[in-house]
Amino acid sequence: MSCRQFVKGNEAVAMAAIEAGVRCYFGYPITPQSDIPEYLARELPGTGGTFIQAESEIAAINMVLGASATGVRAMTSSSGPGISLKQEGISYMAGSELPGVIVDIMRQGPGLGGIDASQADYWQATRGGGHGGYRIIVLAPGSVQEMYDLTMLAFDLSDLYRIPAMVLADSVLGQMKESITPNPRPGCTLPSKEWAVRGWADGTEQNVVKSLKLGDGEMEKFHWEMHARYQLLADKESRWEEFRTDDARLIVTAFGSTARISRTAVEMAREAGMQVGLLRPITLFPFPKQAYVDLSRRCKLFLDIELSTGQMIDDVRLSVERDTEVAFYGRPPGAGSLPTPEEIFEQIRKVYP
Amino acid sequence: MSCRQFVKGNEAVAMAAIEAGVRCYFGYPITPQSDIPEYLARELPGTGGTFIQAESEIAAINMVLGASATGVRAMTSSSGPGISLKQEGISYMAGSELPGVIVDIMRQGPGLGGIDASQADYWQATRGGGHGGYRIIVLAPGSVQEMYDLTMLAFDLSDLYRIPAMVLADSVLGQMKESITPNPRPGCTLPSKEWAVRGWADGTEQNVVKSLKLGDGEMEKFHWEMHARYQLLADKESRWEEFRTDDARLIVTAFGSTARISRTAVEMAREAGMQVGLLRPITLFPFPKQAYVDLSRRCKLFLDIELSTGQMIDDVRLSVERDTEVAFYGRPPGAGSLPTPEEIFEQIRKVYP
Amino acid sequence: MRHDVFIAGYGGQGVLLAGNLLSYAAIFEGRNVSFFPSYGVEKRGGAAMCTVIIADGETGSPVVGHPSVAIILNQLSFDKYAGKVKPGGFCIVNSSLVEAGESALPGVTLIRIPMNQIAVELGDARMVNMVACGAYVAASGALALPSLCEALKKSLPERNHKFIPANIKAIEAGAERVREHLAG
Amino acid sequence: MRHDVFIAGYGGQGVLLAGNLLSYAAIFEGRNVSFFPSYGVEKRGGAAMCTVIIADGETGSPVVGHPSVAIILNQLSFDKYAGKVKPGGFCIVNSSLVEAGESALPGVTLIRIPMNQIAVELGDARMVNMVACGAYVAASGALALPSLCEALKKSLPERNHKFIPANIKAIEAGAERVREHLAG
Amino acid sequence: MTQVFGRSLSLKDVQTHFCPGCHHGSIHRLVADALDEFAIREQTIGCASVGCSVFLYSYFNIDVVESPHGRAPAVATGVKRARPDRIVFTYQGDGDLAAIGTSEIIHAANRGEDITVIFVNNTTYGMTGGQMAPTTLPGQKTSTSPYGRDIKNDGAPFKMAELLSSLDGVAFSARVAVNSPKNVLSAKKLIKTAFRYQVEGRGFSFIEALAACPTNWGMKPLAANERVGSEMVPYFPLGVYKNTDNL
Amino acid sequence: MTQVFGRSLSLKDVQTHFCPGCHHGSIHRLVADALDEFAIREQTIGCASVGCSVFLYSYFNIDVVESPHGRAPAVATGVKRARPDRIVFTYQGDGDLAAIGTSEIIHAANRGEDITVIFVNNTTYGMTGGQMAPTTLPGQKTSTSPYGRDIKNDGAPFKMAELLSSLDGVAFSARVAVNSPKNVLSAKKLIKTAFRYQVEGRGFSFIEALAACPTNWGMKPLAANERVGSEMVPYFPLGVYKNTDNL
Amino acid sequence: MPKIEIDELRCKGCGLCTIACPGKLVTMSDTPNSQGYTVARFTGAGKCTGCALCAEMCPDVAITVFKEQKS
Amino acid sequence: MPKIEIDELRCKGCGLCTIACPGKLVTMSDTPNSQGYTVARFTGAGKCTGCALCAEMCPDVAITVFKEQKS
Ligand SMILES: Cc1ncc(C[n+]2csc(CCOP(=O)(O)OP(=O)(O)O)c2C)c(N)n1
Ligand SMILES: Cc1ncc(C[n+]2csc(CCOP(=O)(O)OP(=O)(O)O)c2C)c(N)n1
Ligand code: SF4
Ligand code: SF4
Ligand code: SF4
Ligand code: SF4
């Protein structure tokens, strides 16, 4: 127990980043994620890393682009409005095949909205809120421990596939405190960054990091290569959690904080003798389609629950077997209001076959 | 014929905006849409309107927000990178229920990409590239005449529903010249803008245009109200074009320039004696689901064609009857390369039952 | 065994510190904890509230609809949260600032403690939250008093460790009052 | 009846003006037209190319895979576009700048016109595009020469209207050359 | 007995959410006074920014547009160009105006937009909990400069009143404080002057108001008020940096 | 016979896409000379911006990162902070640096990032076809100021070399031109000085180079070159605006 | 006699008025109001000149000042 | 004798070199190169001082300058 630490989800993200060897953090304050820059402002310099509070989210993502182009691990974090401002930069990183980690601690929108939890940035994160057609890796933690573990994973996947990676959580996960085990960085072999700009003194050929593609067929080739890489991601990196799905006649599906709340509701349903299970996607991109295919072979009724009027529901419907019904409970949260297990249990009762 | 004019698609957009009574244009140059600001810089001041070349796309969209908040018709236009930068502002407009027209003449991406046509901003436009969960009205012209007509419509729908409206075209439609009839602004009755900020001298109560929602239940209410408004849009404003679908055994579906090219391919197929039709969505949001439902009752094979590796395909799959097959031909275009009718005819041949 | 509690008051009453204190005490006892704060606009502002869940197994949902116990430090919080306590539960209110009629909460044991008064008597009005924690421990039996005293080290910044003895007094005073209350 | 033509050269050869000229001539004749230009990086740059479609009915796809006619003003364009002309079609090349062997285009009639030379003879090297347009009209019969002359008014900015007579000469010279070519 | 001092008409009779000793309250009051002075309340449209002053509409009896963080000058440009007959002002914090909003303020000022900008410099990000601002003083500890602002890493604090004065479009620029009755009175005068410029259509007018943020400075209100004079004024000298009265 | 003038090592032996008489070519050459002078070609990382100079990597024998429009100073900050041992420069046009990139250049300069910025001021947006730039001269006609730049509507042209000099973080700032052999030679000297500052770790160095854009000015190369001296230099005086050599 | 009135409900107890009054006629009480702020109190009946400096200084516009009109 | 060489393929015919040469030894030809640019030509054999001002001025680095080394 000694090495366990009682920390906020946001702090867990920052701790994991340092353990993952992040060299540069560039960010701009915004609630409910400011604990991340605040933690790193304190701790990163001590590890020889760079912390800069950028003049804006746009400057921050472009500093990440520059640092990442040299081959070091770099990250930024923000929430709704700030993430929107980063879309051009993220699109450039994707177009330049640059790794880099972006943390989005979701708050309410649209616009200034409010600082309480929301899951309405699902589409922005998984479809590419930026221009030009690209995807980024999106990981959705469901506990403070996962805030730590998935931040670590985000760096590795991003380096491995040369695709920006996003940790997508919300103010519940960012602000809640739990005891975690700060696991050491896993030994994982990554390709060396041949492509990085270093100055030729490092004996490399000229390296150019760019997204402009004017050569004959260059752009088509890029898009189909990325398409294949996304497929590879789906095959090798899809992650999800199942809870009591084996004999389930109804499968609740939700991600992040909502999944955490739903799990308790599922337990209530089980106590009430209902055969209900939970399917929690951990990777939102790649979306764990296969899990839905397999489960929908056995169970023909799903209940999708989101802190929005419905976004992930598209991916669920596109994933399950055609003869599967997908019910939906949307709960765009308001100031100080979140769905309770009781509330979700009520919904389970309503749709339970 | 006398009143017909031979103009670029971009010019048609600008002409329609003036006819629609736009009072303010704020924009920043970017190929392939710069003809729009260039035309308006010449012509708008003469009508007593304001043209400002903003310091950035971000400033431009926020100037639109401010002008629109006073109740006048305001617009901006851009392409990929610039549209990404506008996402925060668009999210604020959506959250503040402000009308306003945004024109996106799509170019290639991600990143700097290239200036040739693309349709890879479909998701960004229809899913809300910005944060917080909102939709905007998205109109997709298929000819220079429609560049004119749908720009006009965009202003009316935006005012009517208090939702920002986007005209989504690409460099083919923006740059090509055709003869159009610059129809006069249709007499359409719109609610007066009670909500606009004017200064109380106008005898109004205090008006506040904002997106921050902290009241108990205020945010939930907003999201469900908008949800209902989107449903109303779908019911009343869905627009599409069908070409030879009546006896079709294969229905090609595509929007914008791709639909225009595909139509010629469909004619080639008909000449070759194949029963092929075309379904062209004109409104991308609301997506004309009903048209797909109805046609997929009769025809069980669709071929979706996009200048991307596949985005609208999600909406097509989510719309057709479950037992309908949806084939896909993705064609992320490259520098100077576009699909030809011959090429698409080839694809029709491949999948034709 | 699973315990959940709401702690609510206005900013400055040390609501979050109280939540942290209970959390660290539970951790000291080797239990699992999740602590979930919530506050007003952007970062600052009037009301402060947090939920603490203590469990031997998984803590489950950080969001609780009906806690078994609520610690209420001011009137606003009482009006907002007291009603949520689940039947059979406790509601510990700071009677120095809260008007609460017995009848208000059918099926819920109302424990009135003049926390400001006690704190002031002990010489520091800011110890209201400590009194409250003592009261909670005595009323719920969820934690042992000594664990609470241990937890002070972790939940207070170094520079405030000098106040630990005073805080312990406040905690004990709170606990004592509850015992009396339950006794008679 | 539907006519489509590629016009290609380098920036400065007036490719787009030529396209506009043909378009306006067709409009003058009451036909439908679509004119589709394409150029290099962002806005400026070396190669210039455009497609003009003239039809009595719908013009259909602005993108054409295999045009019935191509007007080629320089070598690069020849190498890139000449091969696309559909069998039975024409390829009108500016032989002043283009090396083109008959054999190059099986099934396509190659019409070689020394456009630079003709233009220079007529006193202005910049009229290459006019010579090309004349040649096209004569070769394709898609439009009547007078319409072209009419169209000059619309396609040239006011300040250049003084050049219209010279341009008409260039157009006629281009047409004349084609007649000779086709004759013998 | 007659009332010789009370609440201005333009100010709603409600309690603010500002912390005890927060100077936003004083600055709000002085702006309201100016609107009353020129009787322009009913012609005025305010552009709220994102910061502790986001609730402008709750405290002012005027129409208000909310602007995205940093963009108030662009929003105000849109408002003013659409309604040139209206008085338009922005009210922005230092994070809002001098960090994320740098480009918008500089270009609105350079265009000489006929608006008034009230810039509240409290050397920190108040609403988000006290992070470093572009105006945070050298060595000042904040939650994102835990070891004190380091000029080498973070650069020197921006002096916006001076910086903007160098732009042709700026007609009036001054820096005020509200940490003493004397300063309050001259602040009142200069804020009125700023609005007078707009009433007279003289172009862009700018007020930088030094303010205390007791909460995020971790100080009691009186100590925070004290700091304004002892630490801020020496670095950010008060006074008029530009005026075009005698042009 | 020995060669006394030729192509610098840092410059690739290829033809540029620049229009005839475009000064980008000359400025590229002078930057390359500076890299040769200090033998830092193999330690240098260039940050290309979006504009006619976007192909930096095609012409320079160095590693290059492409930056989004206007963001090169932020990208360069990331590069330099990650590789402080490298020489980092940005090359930006006036639309890129003084319009959309205003915030990034001002904050990078204020932080005193140890980078060199080459700012090419040709009073227009070249790559997009000649729209109005923040540096377009009063009355100058462009495709988005068809009636000539109107100070009242568009504001006055920005003088970046002067504006940036006022920031503490800036160690060196100068304005040069390449419209005559004499000016080319002094430009060469000052560009070398700018890089010398970085080699010596002296902080942010800035060069504003006045340039001709014959294509979008609608002028023949010689006339455009002439205009630089006759119209631009009077408004944008050449010279050193800040240097910290004798500090 | 000029006098001031301090609105108990608006006062946040910041104390700025106390340093503003030349006569030190405004002091802090130790009784908290409903929001827990210990409010300021006017202790200068008779000595107040009605200069209104305390009111000018109050960030919460909690002070109103009264005076006889010269006639 | 100092001399310059003008690379026909690099010259874009802008003419800037012609105003740079103090001796007016560089002039424009009217023969277009493969790209249609009418290139500059060196007409000063014998008179060139090797000052290299034309080369300094050339935006396209099309001019190389040669000189005897003093020994
Ligand atoms: C795009 C964006 N980034 C960040 C934020 C978070 N945020 C809200 S207010 C604020 C700054 C507040 O500081 P300041 O502007 O100095 O005003 P103050 O609160 O000090 O009055 C920030 C960073 C936001 N709302 N939007
Ligand atoms: C975000 C964004 N907005 C606009 C553009 C379009 N664009 C490309 S280059 C450019 C400006 C070019 O002008 P300048 O920076 O002065 O450089 P020059 O071409 O004159 O050398 C613009 C607006 C873009 N690529 N990205
Ligand atoms: S946080 Fe600071 S700026 Fe915000 S209200 Fe409180 S004292 Fe004022
Ligand atoms: S457009 Fe202007 S800046 Fe661009 S290459 Fe041509 S001359 Fe140079
Ligand atoms: S200044 Fe105002 S708020 Fe502060 S103590 Fe005095 S009366 Fe109360
Ligand atoms: S300066 Fe260079 S490019 Fe221009 S004409 Fe002379 S040699 Fe040719």
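Residue numbering restarts at 1 for every chain, and letters A, B, ... go by the order of the sequence lines.
- With respect to chain A, the highest number of heavy-atom pairs below 4.5 Å among Gly217(B), Ser211(B), Gly133(B) belongs to Ser211(B).
- Looking at Glu218(B), neither its backbone nor its side chain comes within 4.5 Å of chain A, counting heavy atoms on both sides.
- For the residue pair Ser84(A) / His131(B), a side-chain donor-acceptor distance below 3.5 Å is found, with atom types taken as modelled.
- When all heavy atoms are compared, the tightest approach of Thr324(B) to Arg322(A) is O-NH2, 3.5 Å.
- Taking chain B as the reference chain and counting heavy-atom pairs below 4.5 Å, the highest number among Arg317(A), Lys86(A), His227(A), Met93(A) is found for His227(A).
- The contact between Asp216(B) and chain A is made entirely by side chain atoms (from C-beta outward), counting heavy-atom distances below 4.5 Å.
- Options Gln87(B), Met106(B), Arg135(B) differ in how many heavy-atom pairs under 4.5 Å they form with chain A, and the most are formed by Arg135(B).
- In terms of heavy-atom proximity, Met219(A) sits nearest to Gly114(B) at CE-N, 4.3 Å.
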Contacts table for residues 330-339 of chain A: side-chain donor-acceptor under 3.5 angstrom, sequence neighbours left out:
unit_1, atom_1, unit_2, atom_2, d
Arg331(A), NE, Glu343(A), OE2, 2.5
Arg331(A), NH1, Ser337(A), OG, 3.0
Arg331(A), NH2, Ser337(A), OG, 3.3
Arg331(A), NH2, Leu338(A), O, 3.3
Arg331(A), NH2, Glu343(A), OE1, 3.2
Ser337(A), OG, Glu220(B), OE2, 3.3

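- To the nearest 0.5 Å, atom CG of residue Leu214(A) and atom CG of residue Leu112(B) are 8.0 Å apart.
- Proximity to chain A involves both the backbone and the side chain of His223(B), based on heavy atoms less than 4.5 angstrom apart.
- Interface remark: of the candidates Gly95(B), Ala120(B), Gly113(B), Gly113(B) forms the most heavy-atom pairs closer than 4.5 Å to chain A.
- Heavy atoms of Ile90(B) lying under 4.5 Å from chain A are absent altogether.
- The residue among Asp104(A), Thr309(A), Ile83(A) with the most heavy atom pairs within less than 4.5 Å of chain B is Thr309(A).
- Contacts of residues 161-169 of chain B with chain A at a heavy-atom distance below 4.5 Å are absent; not one residue qualifies.
- Heavy atoms only, all atoms of each residue included: Pro110(A) and Phe222(B) are closest at CD-CE2, 3.6 Å.
- When each of Asp315(A), Asp314(A), Asp323(A) is checked for heavy-atom pairs under 4.5 Å with chain B, Asp314(A) comes out on top.
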